[in-house]
Amino acid sequence: MIIFQDVRKVYGKDKTKKVEALKGINLEVKKGEIFGVIGFSGAGKSTLIRCVNLLERPTSGKVLVNGIDLQSLPKRKLREERKKIGMIFQQFNLLHAKTVFANVAMPLVLQGKPKDEIKKKVMELLRFVGLEDKAHQYPEQLSGGQKQRVGIARALATDPHILLCDEATSALDPDTTRSILRLLKRVRDELGITILMITHEMNVIRDICDKVAVIDGGVIVEQGSVLDVFTDPQTPIAKNFVRTVLNDELPDSVKRLIAEKRDDQEHHIYRLLFKGDATNDPLLSTVAKKFPIDLSVYNGMVTEIQGSPFGNLIVGFNGPKETVDEAIRYIQSQNVTVKEVE
Amino acid sequence: MGTDWTWLGPEIIDSIKETLYMVSVSFLFAVLIGIPLGVILVITRENGILPNRIIFSILNIVINIFRSIPFIILIVAIIPFTRLIVGTAIGTTAAIVPLVIFTAPYIGRLVENSLLEVDQGVIELAQAMGATTWQIIWKFLLPEALGSIILALTIAFIGLVGASAMAGAVGAGGLGDLAITYGYQQFKPLVMLITVVLLVVFVQLIQSLGNVLAKKIRRH
Ligand SMILES: Nc1ncnc2c1ncn2[C@@H]1O[C@H](COP(=O)(O)OP(=O)(O)OP(=O)(O)O)[C@@H](O)[C@H]1O
Ligand SMILES: [Mg+2]
């Protein structure tokens, strides 16, 4: 649906002021996916998303949207294609002088659609985002979350097949963020719209994205399914982001206990990572029955990533080395990741 | 004993009529020229939606030149042009030409400022929606800036009222002329007082009207 091929973007003309915002981006967003790009401020996220609808033109490289290279299109064709790409913004960008209704109607008015058709479509969209009673209010009378709902309704007015979200929830509080994310998920699930979103908040990625790419200094340093990146982040920056929502830092008391047991040849401590269904299985009790070893759980937590559970346990295995190794191999065969405790 | 004041009533009425005529016609033309000037200044600038360095620079310089000429000098300097347009350089109608030339660049600048206040995000939004340049101007830029433009026009209008008084120098008539002729040259303080009061009330009315309109339109 959206393909980046070695996209570079350099801002500024003269040498001293040049900023290389994107340094060769390659990514692919598949149809129906919610794809998140996460990075710190200045990493190049906005530049990246703006290269999709050419609010920013890449210095080199290609961006294909639905197979079309928008850069190759003449102005008029480009405007047509842009209508198929909805966009929402961190600051909502609502028209202050217009009512909610008129804001949502704007893309249709630009297309010269007949009045009754516009009215029907706008009311339908307002119902979808839960604002049908606010049609005749002005943006100043709305809360941040409501403003973003208007933004979403407006972005959907032209029945786009792609929705670009530039930090759509960054100006909102946690509760409102969750409700907007739920709405975006409905946009994908019920309308089948592909979503590319950029954010600096890992909880946004955790809650609704299928895929994630981590961008740093204009480079994608890591990408994959959200579950994979969360359970097994490769780069320090990805680890940091994961840590902001999954606190897998061990409490000091547990750390002390582990340190005490370190010299004990009969005691081995591992970190077990359960994804998805594996979380439901009574794995530990099976292991305890199957192998002549004692188990002690030092620390554990289960969170939800993308609607499926993810468990993180610190377990001590008490027994001879060979038996413990055998138990570990069994656990690994059950789709559970086993790691040394650092 | 006493002076005969009966002449004063009709004289004042005439002056008011002349002032209204001069100011409203000049204002109309100045707005028709000034608003497009402001729009062109905004869209042709470096980060505008239709950048054009040549047009921008030329307009910018021309406006600066006209804005720096004092009105009283402008009136005299463009006499040949005025004569070309209205056939004479004297009288109420003739005063309209310099008034327009004086006010239009001013409105251009004020409107430019109002348009620049519009959030860049709104323009990006319009572009992301696939709006044409024309649509961006008519459906996004001007409506979003309208409240601020109305306040700007109010300021320009009041400036115009002031300038129209000076136009008395070319026999333009109007309240300013009345005040100078009777109040200053013939030393009739009552006439001076009446015209000043009338001008103050008029300016106050215009300002209040502008404020009310702008407030109604401006939603933030
Ligand atoms: N129009 C511009 N002109 C010059 N440099 C720019 C421009 N836009 C962005 N940059 C620079 O490009 C780099 C990437 O900016 P970008 O806005 O893409 O980052 P971001 O990841 O969206 O950051 P944030 O989270 O702060 O929005 C930054 O160093 C920024 O200063
Ligand atoms: Mg940004």
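All chains are named by letter (A, B, ...) in the order of the sequence lines, taking the proteins before the strands, and each is independently numbered beginning at 1. Values below: all heavy atoms of this structure, side chains included; hydrogens, waters and symmetry mates excluded. Since we're looking at a predicted model, the values are computed, not measured.
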Atom pair CG (A/L55) and CG (B/L125), whose distance is rounded to the nearest 0.5 Å: 9.5 Å

Side chain to side chain donor-acceptor pair (under 3.5 Å) pairs, two or more places apart, involving residues 14-25 of chain B: B/Y21-B/T93

A/E124: partners by salt bridge (Lys or Arg N to Asp or Glu O under 4.0 Å), with sequence neighbours left out: none

Student check: side-chain heavy atoms of A/L54 and B/Q127 closer than 4.5 Å: no

Pairwise distance CD(B/E124) to CG(A/D166) - rounded to 0.5 angstrom: 8.5 Å

Neighbour count >12 (heavy atoms, 6.0 Å) for atom CD, A/E190: yes

Chain B neighbours within residues 71-91 of chain A, where any heavy atom lies under 4.5 Å away: A/K75, A/R79, A/R82, A/K83, A/I85, A/M87, A/F89

Heavy atoms from other residues, nucleotides or ligands near NZ of A/K147 exceed 12 (cutoff 6.0 Å): yes

Over 12 foreign heavy atoms within 6.0 Å of CD1, B/I54: no

A/A97 backbone acceptor or donor facing B/E144 side chain under 3.5 Å: yes

Heavy-atom pair of closest approach, residues A/R154 and B/M129: CD-CE, 3.3 Å

Side-chain donor/acceptor of B/Q135 to backbone N/O of A/L110, under 3.5 Å: yes

Chain A contact residues among residues 100-122 of chain B, heavy-atom distance under 4.5 Å: B/D119, B/G121, B/V122

Residue, of A/P107, A/A155, A/A157, A/G151, that accumulates the most heavy atom pairs under 4.5 Å with chain B: A/P107

B/F202 CZ: over 12 foreign heavy atoms closer than 6.0 Å: yes

A/K62 atom NZ: more than 12 heavy-atom contacts under 6.0 Å: no

